Amino acid sequence: MTYDRLVCANCAAPVSQGRCPVCRANRERLQQEGPFAGLNPVTLIALLVVLVAALALVARTA
């Protein structure tokens with residue numbers, strides 16, 4: 001899940017802005033969850049398409 005659309009229950013602002021300590025703590029936690037946690041779904045789909053195309057190219061040449 002990306003944090004750019006999450007709204008903080010403490011200050012009612014987007015978590016990505018980090019206005020209060022709760023927002024900042026959750027923003028840091030979400031950024032540290034994994035290497036692909038900060039990517040939006042469109043970027044992940046694009047990476048998947050590139051990976052499938054590379055695998056098809058390798059399979060075709062072998």
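Please read these numbers as outputs of a predicted model, since none were measured by experiment.
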Checklist entry - For the residue pair Cys20 and Asn10, what are the closest heavy atoms and their distance? => result SG-ND2, 3.5 Å
Item to check | Minimum heavy-atom distance Cys23-Val15, with the two atoms named | outcome: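 Looks like O-CG1, 3.8 Å.
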Item to check | Arg24: partners by salt bridge (charged side-chain N to carboxylate O under 4.0 Å, His left out), with sequence neighbours left out | outcome: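 Partners of Arg24 under the salt bridge (charged side-chain N to carboxylate O under 4.0 Å, His left out) test: none.
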Checklist entry - Sequence neighbours excluded, which residues qualify as side-chain contact (heavy atoms from CB on, under 4.5 Å) partners of Ala13? => result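 Listed in chain order: Cys11, Gln17, Arg19.
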Only distances under 3.5 Å count here; give the side-chain donor-acceptor pairs of residues 41-55 to other protein atoms, sequence neighbours excluded, each with its distance to 0.1 Å.
from, atom 1, to, atom 2, distance (Å)
Thr43, OG1, Asn40, OD1, 2.5

